[in-house]
Amino acid sequence: MPSAQRRCSTAAAALLAATLLAGCAEAGGAKGASGGEPALGPVSVNPATISLSLPMDAYTDTDGERGRMDAAQYRLTAQCMARYGFSYEQPPKPAADGATPKEDRHQNLFGIADPVRAATYGYNPDAGRERPPRPSVPQLSDSASTVLFGQRPEDKGQADPGPVSDEEAQAADSGLTVGGQKVPAGGCQREGYRKLYAPTKDSVDLLFTFGLASEAHTRAQEDSRVGDVLAKWSECMAKSGYGGVRTPYEVIEKLGLQNDKAGPKAVAVATKDVACKREVNLVGIWAAAEAAYQKRLVEEHAETLALYKKQRDARLKLAASLG
C-alpha cells in the first residue's frame, strides 16, 4: 500500500473510532421513539463476534446445552422402548480432544469476521473443528421399528407424529399395538420429543425464539444504517476487484467459491472481506442494530418469552435428572 493511502486509512480508522459511539447511537433516534428504526445503543468498534451479547441469547441454548438436550431426548426415547421390552442404546459420544474452547455463537452472523480465521481457512464453515462421525443406525426388528417410529415397516409415507403435546398424546390412539400394549402416537421417538419439549398444552413452540431472532435479523438487515454500512463494504470489495456483492452472504456464490471454500482464491477474498468489514465497522454497527431489534421484540413478546424461559429451565432440570 502506498504511504499516502496508508496514512489515509489510519486517519480514517482513528476518526471512525472517535465518532462512531456518538454518531451512530444518535442516528435513527427520533424514529425509534415513533416505532420506526430503533435508536442504537453503544456501537463498538470492530468487536470480536465471540464478545457479542444479544438479547435473544438468554433464550437460546448453547452448544453444550443442545448436547444435553439431545442426550435427554435419547434417554426418554430409550425409556419408552424399554416399556415394550426393547433396548435402545445411545450412540457413544466422540472423545473430547483437549479443552473445549469458548463458544462463539455469533461467529457467522455477519459473514466471516475474524481476520485470522479468514487468512487461515477462507470460507470453510467446518474449519478448525472435526465433525463427529454420524452414529450408526441401530438394527431393529419389525416390532421394535413399529414402536420406535409409530408406523409398521411395510407402511409407506411419513408416520403421523400425533398430537403436539404429551398431555394431549395421553388420550390419543395410534391404532397400533405391540406385545399387547398400545404404541404411542408417533412412536417412542416422538414421545421422547414431546416429554422434553412439549409436555403440556401450553408449551411454547421450540422454534418460537428462533423465529424472533430471525425476524430481528431481517429487520436489522433492512435498517437504513445497516444498509449504509453494507453499501460501503460492497464498495470496498469492488475496489479490490470483488464487485457485484451487496451482502456478505452473497460472496461465495457470486464469486464462484462454492467448490473450493478454503483454496487460495477463497482465502484472498475472505481476507479482503474481513478487512473491508473492519474498515467500515460493519460488525459493530450491524450488531448494534441487531441488538436494538431483538430488544424491541423481547419487549413485545415478554409474556410468551417468560413462559418459554420457565419451560426451558424445566427442560434443563429434567435433562440433568436423567443423567
Side-chain angles (χ1 to χ4, degrees), residues 55-91 93 103 105 135 137-138 140 143-152 158-215 294 297-323:
M56 287 303 301
D57 291 352
Y59 308 95
T60 307
D61 290 348
T62 63
D63 283 347
E65 288 167 339
R66 280 192 290 273
R68 290 195 287 276
M69 293 297 102
D70 289 345
Q73 184 178 341
Y74 209 103
R75 291 188 183 101
L76 289 169
T77 300
Q79 289 177 2
C80 175
M81 293 290 286
R83 296 203 307 266
Y84 298 83
F86 299 117
S87 176
Y88 192 63
E89 297 296 330
Q90 182 174 3
K93 295 180 180 179
E103 181 182 353
R105 61 172 68 190
V137 178
L140 301 172
S143 294
S145 178
T146 300
V147 173
L148 180 62
F149 300 114
Q151 179 175 272
R152 296 183 183 90
Q158 190 171 359
D160 181 0
V164 173
S165 73
D166 192 56
E167 181 181 354
E168 296 165 298
Q170 297 303 318
D173 185 356
S174 68
L176 297 172
T177 302
V178 170
Q181 298 186 75
K182 286 188 175 296
V183 174
C188 284
Q189 194 172 63
R190 188 64 184 174
E191 179 182 292
Y193 175 90
R194 285 192 297 256
K195 285 188 176 297
L196 185 62
Y197 293 110
T200 58
K201 292 179 182 179
D202 69 345
S203 296
V204 181
D205 192 300
L206 186 61
L207 295 178
F208 177 71
T209 55
F210 175 81
L212 289 185
S214 296
E215 182 178 348
Q294 284 195 12
L297 288 173
V298 167
E299 292 169 350
E300 291 176 358
H301 298 276
E303 185 175 346
T304 304
L305 285 171
L307 178 59
Y308 181 88
K309 192 172 189 304
K310 180 180 178 181
Q311 293 172 351
R312 177 174 173 270
D313 290 343
R315 282 197 292 275
L316 292 168
K317 185 176 181 180
L318 173 59
S321 73
L322 292 169

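Atom set for the values below is all heavy atoms of this structure, side chains included, hydrogens, waters and symmetry mates excluded.
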Can you say whether the rings of F208 and H301 are parallel (under 30°), tilted (30 to 60°) or perpendicular (over 60°)?
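Aromatic pair F208/H301 classed perpendicular.
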Output the distance between atom [atom1] ([X]) and atom [atom2] ([Y]), rounded to the nearest 0.5 Å.
X    : Y    : atom1 : atom2 : value
L316 : Q311 : CG    : CD    : 12.5 Å
E215 : F210 : CD    : CZ    : 12.5 Å
D202 : E167 : CG    : CD    : 7.5 Å
Q189 : Q151 : CD    : CD    : 11.5 Å

Do the non-hydrogen side-chain atoms of [X] and [Y] ever get within less than 4.5 Å of each other?
X    : Y    : answer
T146 : L140 : no
V164 : Y197 : no
L322 : Q79  : yes
Y84  : Q181 : yes
C188 : T77  : yes
K309 : D313 : yes
Y193 : P161 : no
L318 : S321 : yes

Looking at D61 and R68, does any basic side-chain N land under 4.0 Å from a carboxylate oxygen?
no
Please answer whether the main-chain N or O of T62 pairs with a side-chain N or O of E103 as donor and acceptor at a distance below 3.5 Å.
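Flag not set: sc E103 to bb T62 has no pair under 3.5 Å.
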Are any side-chain N or O atoms of E191 and backbone N or O atoms of C80, one a donor and one an acceptor, separated by less than 3.5 Å?
no
